[in-house]
Amino acid sequence: LSRERQANIRARQAFLSGRARPLEFRLQQLHALMKMIKERESDIATALKQDLNRSQYDTPLLELTGLENDIKMAINKLAVWAAPRPVERSVLTLRDQVYVQPQPLGVVLIIGAWNYPWALTLGPLIGAIAAGNAAVVKPSELSECSSLLLRALLPRYLDKDLYPVVPGGVSETQELLRQRWEHIFYTGSSSVGRLVMEAAAAHLTPVTLELGGKSPCYVHPDCNIRVAARRITWGKFVNCGQTCIAPDYVLCDPSVQNQLIECIRLTLLEFYGADPKSSPDYGRIINQRHFNRIMSLMEGYTPVIGGQSDASQRYIAPTVLRDVPPQSRLMQEEIFGPVLPLVAVSDIDDAIRFINEREKPLALYVFCTDQKGIDKMLEETSSGGILINDVLMHYTLNSLPFGGVGQSGMGRYHGKHSFDQLSHHRSCLVRSLTMESVHLSRHVAPHFHLGRH
Ligand code: NAD
């Protein structure tokens with residue numbers, strides 16, 4: 001038996017033992033996961049430093065705080081979430097119990113991406129535990145140190161049969177995908193997302209696909225460009241641009257470009273100093289393949305900011321390109337690196353047209369103070385999430401469902417949404433066997449009960 005098959009069997013047997021179901025057990029596992037994150041924070045930060053040269057400030061903010069908040073919320077709310085949810089009765093069921101009962105699905109497969117290797121594996125795992133499932137976790141092979149550490153840590157804190165970690169790359173993932181699961185929770189690229197859904201179809205397994213794509217950012221001329229530039233610069237270049245909801249490109253009026261470029265330049269100086277390469281807060285590209293991919297996207301352009309690189313360190317400077325043609329390759333695929341193209345649009349209608357001509361993005365960012373403009377963007381576009389006057393921050397609110405639409409994914413998670421996503425919402429109708437004379441009348445005079453008399 002392959003290691004992947006064994007993990008599937010082990011998790012299934014553990015699930016069938018029934019021990020994942022009691023709320024006390026789920027709470028205990030959630031507390032243990034919280035303990036792991038708190039006790040091992042510095043080990044996690046070291047692993048991220050090795051994988052991505054992640055800044056010590058970004059690890060808590062972007063990776064761990066969200067997980068801690070999700071765990072806290074699940075612990076506080078679990079009893080309410082897992083309780084039967086009464087629904088309206090009809091004339092025919094006036095005396096009955098009618099409710100929706102969330103129940104565990106079974107064994108969930110979680111496949112993570114490398115850019116936030118902890119948040120993207122443990123985030124779904126919190127939902128899986130809270131909902132009473134077993135889960136096999138497959139971290140990305142590209143964030144090697146984080147994956148090794150996760151594999152070493154998780155069994156020390158959690159039930160190791162219910163939540164095994166299976167490392168591996170493409171062939172291991174393919175073997176995992178041949179197994180039968182009750183749900184597959186996948187985070188990564190749209191192309192692999194398609195393969196996941198195809199494999200899931202063989203077993204009629206439902207999927208959550210947290211994918212990517214190009215998230216646009218529109219800057220209206222009326223806004224405070226200095227503040228907008230500061231926020232965009234943070235969201236674009238944090239984790240060296242390798243963030244699924246990073247603003248991929250900026251749409252703005254040509255008159256705004258110069259000021260925007262100047263403000264981004266100043267902000268970069270403030271964040272990373274004159275030489276970002278020597279800043280402890282500026283990341284690196286995950287591997288050589290991605291380094292080459294990003295470099296090739298920049299070919300033929302003269303950057304207005306940055307452009308320097310060092311293959312030996314997989315370093316690419318924070319780079320800004322202006323007047324990028326909408327048809328260029330740079331504007332066809334997700335950049336997923338520290339390169340920010342500015343694309344000229346004539347006004348807000350032009351920006352909306354530009355956005356709507358393309359695939360629905362995971363995130364849409366709008367910097368604008370004019371309420372009419374904001375309303376127009378809210379009403380006339382679609383995206384997984386929309387954020388006005390900032391970037392990335394919607395991810396941190398676990399009351400908001402996080403997920404894509406169209407090509408940016410399906411399904412949602414964070415907070416209660418994770419619990420719901422990984423639960424079956426069972427319809428329950430509990431009647432009594434008494435009062436048959438009343439019940440009998442439905443056969444005699446169904447119209448009476450349907451309220452048509
Ligand atoms: P990826 O699709 O290459 O890899 C993700 C996972 O799939 C890895 O665990 C990998 O082992 C596995 N995999 C890769 N190729 C496979 C194949 N042929 N068959 C089966 N499994 C395979 O994605 P990535 O490069 O790790 O991540 C980058 C993408 O993920 C970007 O598009 C980004 O926007 C997206 N992303 C989305 C979110 C989100 O929350 N929506 C978060 C992070 C990243």
Side-chain angles (χ1 to χ4, degrees), residues 4 51-52 62-63 66-67 70 109-124 127 136-144 146-147 150-151 165-179 184-200 207-216 235-236 238-248 285-291 293-294 297 332-337 359-363 383-385 392 394-396 398 400-414 417-418 421:
E4 292 73 27
D51 286 329
L52 290 150
L62 296 172
E63 192 103 29
L67 290 172
D70 248 15
L109 172 63
I110 297 170
I111 304 176
W114 48 264
N115 56 336
Y116 292 91
W118 298 86
L120 302 177
T121 49
L122 298 184
V136 171
V137 180
K138 211 300 283 181
S140 171
E141 69 280 21
L142 302 191
S143 44
E144 209 180 336
S146 293
S147 298
L150 181 69
R151 191 174 167 219
V165 179
V166 180
V170 174
S171 64
E172 289 80 4
T173 312
Q174 286 167 341
E175 173 65 3
L176 281 170
L177 289 172
R178 277 191 281 274
Q179 313 306 314
I184 300 177
F185 196 113
Y186 168 82
T187 303
S189 61
S190 304
S191 52
V192 177
R194 232 167 247 122
L195 300 176
V196 169
M197 200 167 169
E198 226 174 279
V207 291
T208 302
L209 302 178
E210 296 286 339
L211 311 177
K214 293 180 89 66
S215 295
K236 177 69 189 188
V238 74
N239 210 34
C240 210
Q242 302 162 113
T243 304
C244 56
I245 45 172
D248 187 273
I285 305 302
I286 185 77
N287 65 11
Q288 207 60 45
R289 181 171 62 83
H290 279 283
F291 176 86
R293 179 185 62 77
I294 299 163
L297 281 177
Q332 304 304 319
E333 51 187 271
E334 182 179 1
I335 297 170
F336 221 57
E359 298 296 351
K360 290 179 181 171
L362 184 57
S383 59
L392 271 51
H394 62 306
Y395 181 89
T396 66
N398 56 11
L400 283 174
F402 182 78
V405 57
Q407 298 294 300
S408 52
M410 59 186 74
R412 55 207 60 79
Y413 75 131
H414 288 184
H417 311 286
S418 306
Q421 185 75 8

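Ligands are counted one by one from 1 in listed order, and the atoms in each one are counted from 1 as well.
- Regarding atom 35 (C) of ligand 1, its nearest protein heavy-atom neighbour is Gly188 O, 3.3 Å.
- At the top of the distance list for atom 3 (O) of ligand 1, counting protein heavy atoms only, stands Ser189 OG, 4.0 Å.
- Residue contact check: Thr187 has heavy atoms under 4.0 Å from atoms 5 (C), 37 (C), 38 (C), 39 (C), 40 (O), 42 (C), 43 (C) of ligand 1.
- Here the heavy atom of the protein found nearest to atom 24 (P) of ligand 1 is Trp114 NE1, 3.2 Å.
- Near Glu210, meaning under 4.0 Å from one of its heavy atoms, ligand 1 places the atoms 37 (C), 38 (C), 39 (C), 40 (O), 41 (N).
- A donor-acceptor pair is defined here as one N or O able to donate and one able to accept, closer than 3.5 Å; no such pair exists between the side chain of Lys138 and the backbone of Gly112.
- Within ligand 1, counting atoms from 1 as listed, the ones closer than 4.0 Å to a heavy atom of Val170 are 15 (N), 16 (C), 17 (C), 18 (N), 19 (N).
- For the pair Asn115/Leu120, a side-chain contact is recorded, criterion being any heavy-atom separation below 4.5 Å from C-beta on.
- Judged by distance alone, the side chain of Thr187 and the main-chain N or O of Ala113 form no donor-acceptor pair under 3.5 Å.
- Scanning the protein heavy atoms around atom 22 (C) of ligand 1, the nearest turns out to be Val192 CG1, 3.5 Å.
- Shown here for Ser215 and Ala246, the closest heavy-atom pair between the two residues is CB-O, 3.6 Å.
- Looking at Thr173, Ile286, Leu211, Ile335 and measuring to atom 41 (N) of ligand 1, the nearest heavy atom belongs to Leu211.
- Gln242 places a side-chain heavy atom less than 4.5 Å from the side chain of Trp114.
- Across all their heavy atoms, Gly411 and Glu210 have their closest contact at O-OE2, 3.9 Å.
- The shortest N or O to N or O distance between Tyr413 and ligand 1 is not under 3.5 Å.
- Less than 4.0 angstrom separates some heavy atom of Phe336 from each of these atoms of ligand 1: 28 (C), 31 (C), 33 (C), 34 (O).
- The two atoms that bring Tyr413 and Ala119 nearest to each other are OH-O, 4.5 Å, heavy atoms only.
- Under 4.0 angstrom from ligand 1, there are no non-hydrogen atoms of Tyr116.
- Annotation: Ala113 places no N or O atom under 3.5 Å from an N or O atom of ligand 1; distance criterion only.
- Near Gly212, with a cut-off below 4.0 Å to any heavy atom, the atoms of ligand 1 are 32 (O), 34 (O).
- Between Glu334 and Arg293 the shortest heavy-atom distance is O-NH1, 3.5 Å.
- Annotation: Gly112 places an N or O atom under 3.5 Å from an N or O atom of ligand 1; distance criterion only.
- Remark: ligand 1 and Glu334 share an N or O pair separated by less than 3.5 Å (distance only, no angle test).
- For ligand 1 and Phe402, the ligand atoms under 4.0 Å from any heavy atom of the residue are 40 (O).
- Other residues, nucleotides and ligands place no more than 12 heavy atoms under 6.0 Å from the CD atom of Glu144.
- With hydrogens and angles disregarded, a donor-acceptor distance shorter than 3.5 Å links the side chain of Ser147 to the backbone of Ser140.
- When the options Ser408, Cys244, Ser147 are ranked by their closest heavy atom to atom 36 (N) of ligand 1, first place goes to Cys244.
- Across all non-hydrogen atoms, the minimal contact from Asn398 to His417 is O-CD2, 4.0 Å.
- In the vicinity of Leu120, heavy-atom distances shorter than 4.0 Å reach the ligand 1 atoms 42 (C), 43 (C).
- Judged by distance alone, with hydrogens and angles left aside, the side-chain atoms of Glu172 form a donor-acceptor pair with the main-chain N or O of Gly169 at under 3.5 Å.
- In Leu195, the part holding a heavy atom less than 4.0 Å from any atom of ligand 1 is the side chain.
- When Ile245, Val405, Asp248, Leu211 are each tested for a side chain to side chain contact (heavy atoms under 4.5 Å, CB included) with Leu362, only one passes: Ile245.
- Proximity of Thr243 to ligand 1, defined as any heavy-atom pair under 4.0 Å, is not found for any part of the residue.
- Residues His414 and Asp70 share a closest heavy-atom pair of CA-OD2, 3.7 Å.
- Among the atoms of Asn115, none of the N or O lies under 3.5 angstrom from an N or O of ligand 1.
- Look at Ser140 and you'll find a heavy atom under 4.0 Å from some atom of ligand 1.
- Atoms of ligand 1 lying under 4.0 Å from at least one heavy atom of Lys138, given by number and element, are 8 (C), 9 (O), 10 (C), 11 (O).
- In this structure, the protein non-hydrogen atom closest to atom 5 (C) of ligand 1 is Tyr186 OH, 3.5 Å.
- Residues Tyr116 and Thr243 bring a donor and an acceptor atom of their side chains to less than 3.5 Å of each other.
- Proximity of Glu141 to ligand 1, defined as any heavy-atom pair under 4.0 Å, is confined to the side chain (atoms from C-beta onward).
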